[in-house]
Structures are given as structure tokens and as C-alpha cells.
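Sequence lines set the chain letters: A, B, ... in the order given, protein chains first and strands last, and positions in each chain run from 1.
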Amino acid sequence: MADFLLEVGLEEVPARMLAAAQAELGTRVSTLLERERLLAAGAVVTTYSTPRRLAVLVQGVAAQQADTEERLTGPAWAIAFKGGVPTPAAQAFAKKAGVGVEQLVPLATPKGEYCSATVARPGRAAAQILLEQLPKELAALNWPKPMYWRPGKPERFVRPVKWLVALLDESIVPVEFAGVTAANVSRGHRVLHGAAPVVLGSPTGYREALLAARVMVDVEARRHTIRKALDRVCRTVPNARWREDVALVDTVCHLTEWPSVVLGSFEPRYLALPEEVLVTVMRDHQKYFAVEDAGHTLLPHFLTVLNTETDERGESTIRTGNERVLRARFNDAQFFWDFDQKIPMVERVALLEKVTFHKDLGNYAQKTGRTAAIADRLATLAARRGVAVDQAALALAVRLSKVDLTTELVKEFTELQGIVGGLYLRHADGSSTGRLAAEAIYWQYLPASMSDPAPPTAEAQLLGLADRVGTIVDMFALGLAPSGSRDPYALRRAANAVIKILAHSGLPLGLGEILQAAQTDAQGVTAVHGFLVERLSYYLRETIQLPADVVSAVLAAESESVADAQARAEALAQVRGTEDLAAIAAAWKRSKNILRQAAEKQLALADEVTREHLLEAAEQDLWQAVETLLPIAERFRAERNYGGALEAIATLRVPVDRFFEECMVLVEDAALRGNRLRLLDRIVHELGRIADFSELSPAAESATAAVASSGAAGGATA
Amino acid sequence: MASSAIQSPAALYPLTFQELLFRLQSFWAERGCVLQQPFDMEMGAGTMSPETFLRVLGPKPVRIAYAQPSRRPADGRYGENPNRLYKHTQFQVILKPPPADVQELYLRSLEAIGIDLAEHDLKFEEDNWEWPVGGAWGVGWQVMLDGLEVTQFTYFQQCGGMDLDPISGEITYGLERIAAFLQGVDSIYDIVWARDPETGAVVTYGDMRLEEELQLSVYSFEAAEVDKLWEHLRLYEAECSALLGSFQDASKLAGAHAKQHERLLNEETAKPAQELDLRRFPVLGAYELCLKCSHLFNLLDARGAISVTERVAVMARIRALVVGVARAYAAQGAATMQGAARETRS
């Protein structure tokens, strides 16, 4: 068995793209080898990456495909040989197959005896196959933002390709891609190793050879090195630790080939600035790690991960340089912070009149005015239902919610919108109302994505809901509803946040009620309601990972309460794969079909199901079962014990199946027919309040059931 | 290291601001770049100079380098902020098509200005440049030197909404930042601009520019008359728009005439009159009007006269002009080349 190494040398690849590209290249190479029967059993595939390279090492590659035989079938035997003599048909077939006519043998098939030839297919060399196939695999790599660089635009790739290494054991496979021919020469660290070629003797020597050229190709090793170095350097400050930041470790790992860490410091006076501002500057703008004490209080230090290793003089230069940059940024932040304090939050309300929200929707003062009305109605409703809301704090929060748009700090650090408003108010107003309002302002933009939590306080939740629902309703009224990929005002994201807040907060507010609070006209309500229900469906499918048909079934029954819809969907997903439920789904479909046909033919339903019109034993039994079941199911439903309710409904399977086997519904006799129709109607409507079971798809049954159960298993282990 | 025409008066001193410019100019001139003077109009970035924005269009190879004073009225700080300026200086290099070793060349240019890479931390971090108003974007990096962004490195992909082929490599050095870095000063105003070789007396950046920063900040934030700015914007916009309109008419005519010309080629060889008109059409004049509009927009923005949404609408208006000019420039270039090709044939 041979080893194979592929390395693609590149100009610096964006850090955010490296991990996915590394994995994809590994999959592409191993899939190619497998498809071509070149991957040995037990082969080991290892992938590497640095900003300047992607690499795959496969240990266990067959040098040659195994020979195979192929049996070709030709003309009917009787046509190929007349009295044992080959006809032109036999000659032609033998020629096409590349064998002598005497090698043709008869083959019995269901259609009779046919001419057959066995052809040997010699296996091809791995080197040849790789040479042919790898360029296609490289070209097919998926990049979020690819570029052209060569005249004539022959290929698109993330950044220009600088070199290729393709080694099958010691032999070069001269793969060509993007105008580069593969050899056995890699490159080392730009500065620490320089331009000298790194000649690779064998695939398995790759990691070591690159280490010698001051490149750590193993990502995990690099991550480990960075963590250890952060620990080590941080220990030089007493009682200090670096603030854990998995995403930042990942980023700097993908920005370095030979990482080391330097500790820098800043003037303690900057610690008077809010931690949020300091950390945003360090993390988002400079990719520095914050340093804190055991009580998580920031210390006036930072850690920066270098893509080099240098002597003390170099370290001192680098430290000074980084400190100067940070000082300048903190200086700016300090300036903006002080400058902003000159105009109190309350006075800034007037400034909002100069900040346009939308040309047809007026300025932000008007916008917050509308938000205030919505928030007030929602708060009243929630308070009536027992939610503790400080309505004065909420009103203050709404009034000041957008004033930080007028601050220099937010103009500079837009990602701190809301947070800055909250901080300024907390700074200015120490009253309990002020504190609550400050928190509401601070958290109002949560969740920014589906992985974020909902805001922690009722006032923040209500502010977030009122602001977003107001925007959605206003934009819809202007005909700016999202369509396809066009969603310039990010209304989908706003609606996703509305759903998530409702799902997580436990606020007892229904979607319809919220829209009513936003006071849309009737037409607007329908469109926005549909939009919100669609986002609810998206949330249940994509975030909670429930099967699509379960979600449709549940939302077809009822979609007012987000939390309730989620509870029903989760219960239904649990039992959705069972035979009983499949039978119930089938019965529901059948019932709905019959009811539709009846409606089309304008056949009347009986006002009530009456016993004397129940002729057959099957329908009597079914009615008996339904009458027993209705109060039980209703009680479970009222208790929100949807699992119990569904279990109860599932018991209907036997009588309902028997009913459909033994009874015709659309019979001539109007009284009999009307009675049976009413029976089906009551089942479908009164037992269908949890879900419209007819929406469950029988075809996808087993497949989605498997997904659901593996999802559940995953949830259990997490 | 590239030799430089003008040496530092004493090796002890880091490069002055003007020496930094000399070094970069000689470095790139030695690598085949034509040195151009700054474009003599107000603009927000070196990219907007026609030397970049228009020359990246079309197939003709380009190597050009120039310093461009770049005005960003909203960034003015009355000369009080040590890191921010109303007007800063970009050194811009355009390489079309980019040579295969363009990154290496860039690193050598850093060495040429006295940066020993062994003693610094250098990273190429993803930063994709975009100028929506120009329908222009590219992919590339911000080059980070000890945590400081010293250069924007871009592979232009589109300009005026048109795909580029060949593409251009663009290197934009932030001269003030680099000078402050080299000289180890915390304030831009403390940068040594020039040092008298005989007396050693220095002239600082502050000596040269502080008043300008103060006064132009006052103008941009306080004194500029908003109504007048809007009026100027409308006037320039209207003129540019009218020019583009007549260019379209002229090019339609020229197109029709060129077809006719092809048919008549065997009978007569006279040059079509409309084609001549197209070639002398003042597309470059129209672009200068775009630059006026863009700067007026920035002033209005600094005056706080443009709301968030108006912003989108006004930008769309200017975008229509800028993209229109880019298309006209490309069409004019193509027509001129066709004309030249016909001349060679006939």
C-alpha cells in the first residue's frame, strides 16, 4: 500500500473559511480514492491547514486498481451462430468486445439464449487516476467568496494558487491546476523560513518537514500550542487568567502558521470605560484576548497571538506596536464616551427627529412613538395575565431605546448599539425604574441570531417584541414584505426574533394578539400573520429540528401561541413513527376527503350524531369510542399534556379502521349519510385541535421518523 | 533592498514622512510603475482617482503608482485626535494584471521602507473591499503589522458593475499610519515630515497640516451651507446626467454607423464621422462631475444633513452616475480599439 499527499499552496485564505475547506478537501480526496477502488480498508486520512495551505495525507492507497472482468451481452445466440457457424452479427460483437469469435459463449437469460463475451479490464495506476481526477476535485471546492486572478478567468478559487504538492510515496504526481504543476516542493513560514524550497521526501514526512520549516500544519497541535502559550504568558501577571473565547482561539489558529503569544498592557485609567467597550475593541477589532482576575474583573493587560517567533528585541517591538494601536483605539472610545456624556440621554430624544427611520415611515422619534403604544398594550395584556412588568420602566426604555443612535460611540462601534444606550442610562439614572429601563435597552437586540438567547427581563422582551413587530407591520403596509432572497430590511430576522422571544420568555401573548396591539388593518393582519406563522414554522423545523410534516400538522390546527405550538409539535414528533398514529393519519385523510366530497356535492351533515341512525356495529363502536375519548382528550389538552392526549387519540385506531372497512359514508340514505358525516366531522375537528393529522406524510414516514429519533437521541446525550 | 535616490540624512533617524513617499515611489518605479501625481480634485480614497477607477477597466495592462490625499469630512477631528484626519494620504499602486509574485513584491516594499520583518508580526487578514457607489468590489486583505492595519491589498473583481478581465491588484498604503509606526510616535501630528539635512531642524506633520485639519473640520461640521451643498450636488448631478445621456445617443449613432461602415468598407475607406465624435466625447469630464457629487455627499453627511434612509437614495443617485461613466468609458475604449483595428485592416 502506498501513501498519498496533496498540498495546495495559496495566498492567505480567510480564517473563517479554512476549517470547512480543509474538511471538504479531505472528503473529496478520500471519496475519489474510494470511488476508484484505490482506498485500502483501514486507510487513514489526515487533513491539515494553515492560512497558506490545505493538505490531505492518505495512508493506505492502492498503487493500482485491481483487475476486473466485465461480461458483455450481444445478439441472440440463434442469430449469432447459424449451425455452429458465426454470422456477421457474431463477428461484429466479438470485434466490438475485443475478443476472438471463438471466445463467445451462450448465456441463458429470461428472454432466451444470448451471445456473451467476458472482457478483462486491467486496473489503472493510482497515479494516472489522481492526475486526471484531482484537478476536477480542486476546481469543485466550495468557497463562500471566490475570485478570479488569471487573465481569461480560467478558474475561480478563494485566493491565487501558488504551488501544489502531490506525492504518491516518493513519486511526484504532476497534477495541474490553476496553471500550477504539482511537484515535491512546499514552502515554509514566510519570514522564519523564507523563500528556500521545502523538498518533501515522502508523504508521511510532511508534518515533520514543515515543522522544520517553521510551519505547524496540524491545526489541533496549533490550537494546543496557542492555548498553552496563552496560559504560560498570562502566568507572568499575578492572579491573572485570559478570558476564555473559543471562537477567538479558532480565529487566531487559522491566522497563524507558527503561533506565539505576547502580553501587552494598557493604562489602568481605561478600565473606567465599560467592559463591553474594552472587550469589543480588543476582541473584534484587534483579535486580542482580554485578561481578568479570579473574579472576572478586567485587568489592564491583553494577549495577542503572533504569526511568528522572535527574540526579546522583536517581542518588545511587537508589544510596543500593539500597545500603541490599542491605546489609540481606547483613546477614541474614551473620547466618544466623554463626548457623549455631554448630552444627557433624555435630551437626545429630540435629536431622534433628525434620524430617519425610513423615508415613508418618518424619523426615529416617530418610530419610538409607535413602539411605545404597542409596548404599552402588550404590557397591559401581559400584566393582566399575571406577568410582573414595570410599565413605567418599560415606557422609559422605549422612549430612550434608540437614542444611542445619536452617540459617537455607536457611530464608531455599531455592534454596541443598544448596549451603549443601556450603559449610558445606567450611568445617568440610578433609580430602580432607571435601572430596569437601562437593562431593557441593553438587551433589546437579543436575539440577534437563532443561537442567541432571548432577553432576560420582561421589559426587554416586551421592548424587543414591540419594536420588531412595529417595524414588520409598518414595512408590510408599505409593500416591503420580503420576497425570495430579497429582504432588505431583514424582516425575516426580526420575525425570527419575535418567535424566539415568545418561545423562550413564556410571555402569554398570542401572535394574533400581538398584531392587534400593533393595530394593523384587517388586510395587514392577514399578511403579517401568515408571515409570522411561516417564521414559526421555520423556527420549529430549523431551530427545534422537528419534522416538516409534524410542524404543518400542528400549525394547521392552531398557531396562536408559539410555546403551545412547540409543545404540541414535540409531543407529536415523539409518536409520529408509530403504527397507531400512521393509521390515525390515514383515517384523517380519508375523513377529510369524504367531507370535502360531501361539501362539493352539497350533501348535508346531520346537526348531531344520533344513536338511532347508527346502524352498523362498527359505527356504533366508533361513536362509543369517540364519546368516551372526547372528554379525556380535551382534559389532557387543557392540561397541555399533549403526549397523553395523543396516546388517547391513538386508541381510536381500531374502531376507526373497522368503521372504514365496514361502513360506506356517502350512501343514498340521507339520514344515515348525514349522521356518518357528522361523526367524521366531530372526530376531525374536535380531536384535531392538537394537530391536523391528515398533514402527516405517509411517504416520508420512515425517513423522517429516523431523523426525529436520531435527533431525540442526540438531544438525550447532549 | 531597493536603492533610493534620496537617503535619510542620518541612518540613526527613521524615515521622514517625505522620505517614506520617496522610498515607495522609487521602489515601485523600479518595478515598472509609472509615477503619477495626485489627482487634482477632492476624493475620499485613492481608488476613486480615475487613475484607478477607470484604468482598471478594459484589457490594457497598467502599472501605475501615486500618492492621493484623501478627504473624509466626517473623519475630521479639528486636529484634536491623534489618529484621525479630515485628510490623509494614501499611496496607491495598481498592477494590471497583478504579477504572480505581487505579495512578495509588497513584502519587499516594506523592507524598502526599513521594516525588518524578522522583528515584527505580519498577518494578511481577510478584508474585502467594496465601493457600492462605484459598483466596484474586490477580495483581499488588510495587512496587519504588529496589530496595525498598514495596507489594504485588493484583487479588483468588478468595477462599474462590470466583471474585470484581466483583474487588477491594488495596494493601498496608509502613509500617516506607516510613518507614525516607523517613527514610533503616538500622534500623527508628531510625525517628522522633513528634516533639514544641514541643520537637522525638523518640520512636523502638525506644522504642515494642523491648521488645515482645524479649519476644514470647522467648515465640514459647522460652516458649510447645507442648502448650497444640496444645490451644488443637484447641479453637478444634472450636468453629469445630461452628458451621459448624450453619450448614449452618440454611441447608438456610432454603432449604427459602424455597421454601415463595415458594409461600405470595400467601396470607400473614409473614417466615420460619428466614431470620431465618440472618441472625443468627454467621459473623463463626466467622471470629474461624479467626484464632485461624491465629495458633496460626504460634506452633507458630515453636516448631519443626510438621514440614514435618504443616504440610501442619494447614494443610488450617485451610483447611477458613476456606474454610467464606467460603462461609457468601457464602451468608448472598446469603440476606439475597434476603430484602430479597422484602420489597420483598411
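Of the listed residues A/Ala195, A/Gly314, A/Ser316, the one with more heavy-atom pairs under 4.5 angstrom with chain B than any other is A/Gly314. Per-residue counts of heavy-atom pairs under 4.5 Å with chain B were compared for A/Arg329, A/Lys145, A/Met17; the largest is that of A/Lys145. Residue with the most contacts toward chain A among B/Leu145, B/Asn128, B/Asp101, B/Asp127: B/Asn128 (heavy-atom pairs, distance under 4.5 Å).
In this structure, chain A has no heavy atom under 4.5 Å from any part of B/Asp116. Proximity to chain B (any heavy atom under 4.5 Å) is shown, for A/Pro51, by neither the backbone nor the side chain. Proximity to chain B is limited to the backbone of A/Val305, based on heavy atoms less than 4.5 angstrom apart. The contact between A/Arg327 and chain B is made entirely by side chain atoms (from C-beta outward), counting heavy-atom distances below 4.5 Å. Contact annotation for B/Leu164: only backbone heavy atoms (N, CA, C, O) come within less than 4.5 Å of a heavy atom of chain A. Proximity to chain B (any heavy atom under 4.5 Å) is shown, for A/Lys411, by neither the backbone nor the side chain. In this structure, chain A has a heavy atom under 4.5 Å from the side chain of B/Asn83, while its backbone stays farther away. For A/Gln286, the part sitting under 4.5 Å from any heavy atom of chain B is the side chain, from C-beta outward, and nothing else. For B/Arg177, no part lies near chain A; criterion is any non-hydrogen pair under 4.5 Å. For A/Asn331, the part lying near chain B is the side chain, with the backbone staying farther off; criterion is any non-hydrogen pair under 4.5 Å. Neither the backbone nor the side chain of A/Glu257 has a heavy atom closer than 4.5 Å to any heavy atom of chain B. With a threshold of 4.5 angstrom between heavy atoms, B/Glu149 does not approach chain A through any atom at all. Looking at A/Thr320, neither its backbone nor its side chain comes within 4.5 Å of chain B, counting heavy atoms on both sides.
One finds no salt bridge joining B/Arg303 and B/Glu222 here, because no Lys/Arg side-chain nitrogen approaches an Asp/Glu carboxylate oxygen to under 4.0 Å.
Counting only heavy atoms from C-beta outward, the side chains of A/Phe339 and A/Thr407 never approach each other to under 4.5 Å. You'll find the side chain of A/Tyr288 reaches within 4.5 Å of the side chain of A/Leu326, heavy atoms only. Looking at A/Thr368 and A/Leu352, their side chains come closer than 4.5 Å, going by heavy atoms from C-beta outward.
The minimum heavy-atom distance linking B/Ile167 with A/Met147 is given by the pair CD1-CE, 4.4 Å.
Between the side chains of B/Gln103 and A/Glu12, a donor-acceptor pair is found at a separation under 3.5 Å.
Centroid-to-centroid, the aromatic rings of B/Phe53 and B/Trp131 come within less than 6.0 Å.
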_Apply side chain to side chain donor-acceptor pair (under 3.5 Å) to residues B/Tyr173 and B/Thr89 and explain how you reach the verdict._
CA-CA 8 Å; B/Tyr173 301 80; B/Thr89 321; over 6 Å; no

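A side chain to side chain donor-acceptor pair (under 3.5 Å) with A/Trp258 is found for one member of A/Glu309, A/His189, A/His193 and no other, namely A/Glu309.
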